[in-house]
Amino acid sequence: MATKLLTLLLLPLLKLHLLLPKLPLLLLKLLLLLPKPLLLLPKPLLPKPLLLLLKLLLPLPKLPLPLLKPLLLQNNIFTVKKAGYGLYPAFLFFRRPLPFFASHIRYIIFRTHTQTILLPVMPNLYDRFLEFLSPAEILEATPALLNDQRRRFVSEPDIILQPHSIENVQEIMRFCFEHRIPVTPQGGNTGLCGAAVASGGVLLNLSKINRIREINLADNSITVEAGVILQNVQKAAAEAGRLFPLSLASEGSCEIGGNIACNAGGLNVLRYGSMRDLVLGLEVVLPNGELVSHLQPLHKNTTGYDLRHLFIGSEGTLGIITAATLKLFARPQTIATAWVGLDDIESAVQLLTAVQGHFAERLTSFELISRYALALSSEFSHLKQPTDANWHVLLELTDSVPDAALDEKLAEFLYQNGQENSIIAQSEQERLDLWTLRENISASQRKLGTSIKHDIAVPIAQVAAFVRQCAPALETRFPGIQIVCFGHLGDGSLHYNTFLPDVLSNDAYRYEDAVNSIVYEHILACHGTIAAEHGIGTIKKHWLPSVRTPSEIALMRAIKAQLDPHNIMNPGKLLP
């Protein structure tokens, strides 16, 4: 009874000083703009009578912050992160009436020995989301959802949601927009740059938004939802007599929404382009919950800005991609695959130019593999190395019409161009073995420990210069460093992974900036980019100004502010 009376006495004062316009307008705006509105106010901003009343009501001793944290989290109040302060346990007074108060006030006052602190009253997320979601759409935390692909980061969301419909995605976004709750989209959780790692707020997993809506053979298109696994898109296209050409090492678990959000590349960019080139239309839920849908399979459309390209490669910072219409192609009827051993990268580039000139668009893949990368994969895969050389190329020709002589044509071409250190796959199993050697390179590196990875690209003519100049610079700074170099020479992108001697654990990341500064210096000297197909995420955002001008970054920020004024969409990612 006494608690209720004190509550009734204090409520008008709180409303007076926290809700009415007696607080400066600038302060109110600041409170609304902060993603986790925690504001430290000097005592003079609150009238003495109110401070005295609080002091009378709170005669308990100050509690250290570690004891307060569980109670703050239990009440869905963001944790005070400033160390060294004990807090008067004002929340004990408000703890029971919180549900009643939540509809009336937005902040609770705490006092320290030096300051007065305003903390937001957050709604009980579980109960509030249950108002429009089913219990099955609110998930328990599991390592598969929280740990990133490389076990480098662990998400710490306030709640994990897995909506089963587009309408529920909209409802979630409306609620989060209204309450300024951060939202981190997640697909198959196969990213390598920390873009799907949540720090507070909602971790929004889209795996249940996974219908294949339509296959349109007249327009050579397929419309799928964001949670469809890439391999399932490939399979659906094949069953319809078509090809969806995006091919990645993680295609058995990565999802289309994530592929679009990071503009995935993969093995067949040389012929078919990256994900950006494969998207005809998008459906997106904006931060305010509004649905923007343009899924028509139009091959020409000049009606203003092409908005789909804002969201492709945006890494979940502008909205939630919920569906896409993708291009399909004729299935290959003939495949010819060769493995070629070469002395240097310059010879590989010359071979690429010659193959393109002779076989034109039939060249689908042209992969570059270093001696060390092949040795690792060969041991891991229990497969013999096809050739003995410093560098290797795995190339593949495909034709949409039958051509029984394509193997012979490729063999003759290689012989005439002096490439005698080569083999042609004579069966489908031999072909699969060659591709296994390429695709197992990533897995085979694990025995070396934690790597500092580089997903980079330079103009094809500059690849040899980059590799020739960068490796000695790294070895000078880090004697004994091991470099695993392989990638898609056909489009100029490389996976350039470095392993420090005697560092097998995540301690390697302590040297990441030092290693990156050397690698990126040589990348920029060759007019390249620090992110070819994995994106920026959290680990590369501080490097973005090195490859984008201030004007470009300002334009990105302006677009972000217009679409996401409260910065709730994947905050802390992409933009520095």
Side-chain angles (χ1 to χ4, degrees), residues 243 245-249 265-274 329 331-371 373-374 377-378 381 383-400 403-441 457 459-461 463-464 467 485-495 532-533:
L243 169 73
L246 184 69
S247 181
L248 311 171
L267 301 172
N268 298 327
V269 171
L270 175 58
R271 178 167 180 176
Y272 298 102
S274 65
F329 297 84
R331 290 189 69 188
Q333 299 297 310
T334 308
I335 301 175
T337 307
W339 187 287
V340 184
L342 299 158
D343 292 331
D344 48 49
I345 298 177
E346 287 87 349
S347 300
V349 173
Q350 292 172 7
L351 177 61
L352 171 64
T353 304
V355 173
Q356 286 178 312
H358 188 82
F359 291 101
E361 73 280 355
R362 285 180 287 183
L363 179 59
T364 304
S365 302
F366 198 95
E367 299 293 296
L368 180 70
I369 302 165
S370 69
R371 177 190 289 274
L374 176 59
S377 184
S378 174
S381 308
L383 292 171
K384 182 181 177 181
Q385 297 186 30
T387 57
D388 180 24
N390 291 328
W391 292 92
H392 306 264
V393 162
L394 173 60
L395 70 90
E396 190 159 272
L397 308 178
T398 62
D399 203 323
S400 56
D403 184 353
L406 188 59
D407 283 347
E408 296 178 8
K409 293 175 183 176
L410 178 56
E412 180 64 21
F413 170 83
L414 292 173
Y415 178 76
Q416 290 179 353
N417 281 268
Q419 303 299 338
E420 297 180 6
N421 188 16
S422 60
I423 66 167
I424 305 290
Q426 298 298 308
S427 66
E428 179 62 13
Q429 186 57 55
E430 287 187 11
R431 173 181 172 270
L432 292 176
D433 286 348
L434 294 179
W435 277 107
T436 296
L437 286 170
R438 163 60 183 86
E439 292 171 350
N440 278 352
I441 294 174
I460 296 169
V463 172
V467 173
C485 180
F486 63 103
H488 320 298
L489 184 61
D491 58 45
S493 65
L494 294 175
H495 302 294
E533 56 187 7

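The shown structure was predicted, so the numbers you read here are calculated from the model rather than taken from an experiment.
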K.L.:
To the nearest 0.5 Å, what is the distance between CG on Leu437 and CG on Leu383?
P.N.:
5.0 Å

K.L.:
Please name the pair of heavy atoms, one in Leu434 and one in Ala425, separated by the smallest distance, quoted to 0.1 Å.
P.N.:
CD1-CB, 4.1 Å

K.L.:
Between Gly266 and Leu248, which heavy-atom pair has the shortest distance, and what is it?
P.N.:
CA-CD2, 3.4 Å

K.L.:
Among residues at least two apart in sequence or on other chains, which ones pass side chain to side chain contact (heavy atoms under 4.5 Å, CB included) with Asn421?
P.N.:
Thr387, Ala389

K.L.:
Applying side chain to side chain contact (heavy atoms under 4.5 Å, CB included), name anything that partners Asn390, two or more places apart in sequence or on another chain.
P.N.:
Arg371

K.L.:
Considering all heavy atoms of both residues, which atom of Ile423 and which atom of Pro386 are nearest to each other, and what is their separation?
P.N.:
CD1-CB, 3.7 Å

K.L.:
If you look only at pairs with a residue in residues 407-426, which of them pass as a salt bridge (charged side-chain N to carboxylate O under 4.0 Å, His left out), with sequence neighbours excluded?
P.N.:
Asp403-Lys409

K.L.:
Within the 3.5 Å criterion, strictly below it, is a donor on Thr436 or Ser381 matched to an acceptor on the partner's side chain?
P.N.:
no

K.L.:
Would you give the length of the straight line joining atom CD1 of Ile441 to atom CG of Leu374, rounded to the nearest 0.5 angstrom?
P.N.:
7.5 Å

K.L.:
According to side chain to side chain contact (heavy atoms under 4.5 Å, CB included), who are the partners of Pro459, at least two apart in sequence or on a separate chain?
P.N.:
Gln462

K.L.:
If you take all heavy atoms of Ser377 and Asn440, which pair is closest and at what distance?
P.N.:
OG-CB, 3.6 Å

K.L.:
The criterion is salt bridge (Lys or Arg N to Asp or Glu O under 4.0 Å); which residues satisfy it with Arg331, sequence neighbours excluded?
P.N.:
none

K.L.:
Would you give the length of the straight line joining atom CG of Leu243 to atom OH of Tyr272, rounded to the nearest 0.5 angstrom?
P.N.:
5.0 Å

K.L.:
Mind checking the CD-OG1 spacing from Glu430 to Thr337? Nearest 0.5 Å is all I need.
P.N.:
10.5 Å

K.L.:
For Trp339, which residues count as a ring-ring contact (aromatic ring centres under 6.0 Å, His included) partner, sequence neighbours excluded?
P.N.:
His392

K.L.:
Anything under 3.5 Å between a donor and an acceptor, one on a side chain of residues 346-359, the other on a protein residue two or more places apart or in another chain? List them.
P.N.:
residue, atom, partner, partner atom, Å
Glu346, OE2, Arg468, NH1, 2.6
Ser347, OG, Asp344, OD1, 2.7
Thr353, OG1, Val349, O, 3.1

K.L.:
With distance as the sole criterion, is a donor-acceptor pair present between the side chains of Thr398 and Arg271 under 3.5 Å?
P.N.:
yes

K.L.:
Using the test salt bridge (Lys or Arg N to Asp or Glu O under 4.0 Å), find all partners of Glu396 that sit at least two apart in sequence or belong to another chain.
P.N.:
Arg431

K.L.:
If the condition is ring-ring contact (aromatic ring centres under 6.0 Å, His included), which residues does Tyr415 pass it with, not counting sequence neighbours?
P.N.:
none

K.L.:
Any side-chain heavy atom of His488 within less than 4.5 Å of one from Leu267?
P.N.:
yes

K.L.:
Sequence neighbours excluded, which residues qualify as side chain to side chain contact (heavy atoms under 4.5 Å, CB included) partners of Ala338?
P.N.:
Leu395, Leu410, Leu414, Ile424

K.L.:
With sequence neighbours excluded, what pairs up with Asp491 under the salt bridge (Lys or Arg N to Asp or Glu O under 4.0 Å) test?
P.N.:
none

K.L.:
With rounding to the nearest 0.5 angstrom, report the CZ to CG distance, Arg438 to Asp433.
P.N.:
16.0 Å

K.L.:
Return the CG to CG distance between Leu246 and Asn268, rounded to the nearest 0.5 Å.
P.N.:
8.0 Å

K.L.:
Once ring-ring contact (aromatic ring centres under 6.0 Å, His included) is applied, do any residues pair with Phe486, and if so which ones, sequence neighbours excluded?
P.N.:
His495

K.L.:
Assess the residue pair Trp435 and Ser247 against the criterion (side chain to side chain contact (heavy atoms under 4.5 Å, CB included)); give the C-alpha distance rounded to whole Å, side-chain angles, the decisive distance to 0.1 Å, and a yes or no.
P.N.:
CA-CA 12 Å; Trp435 277 107; Ser247 181; over 6 Å; no

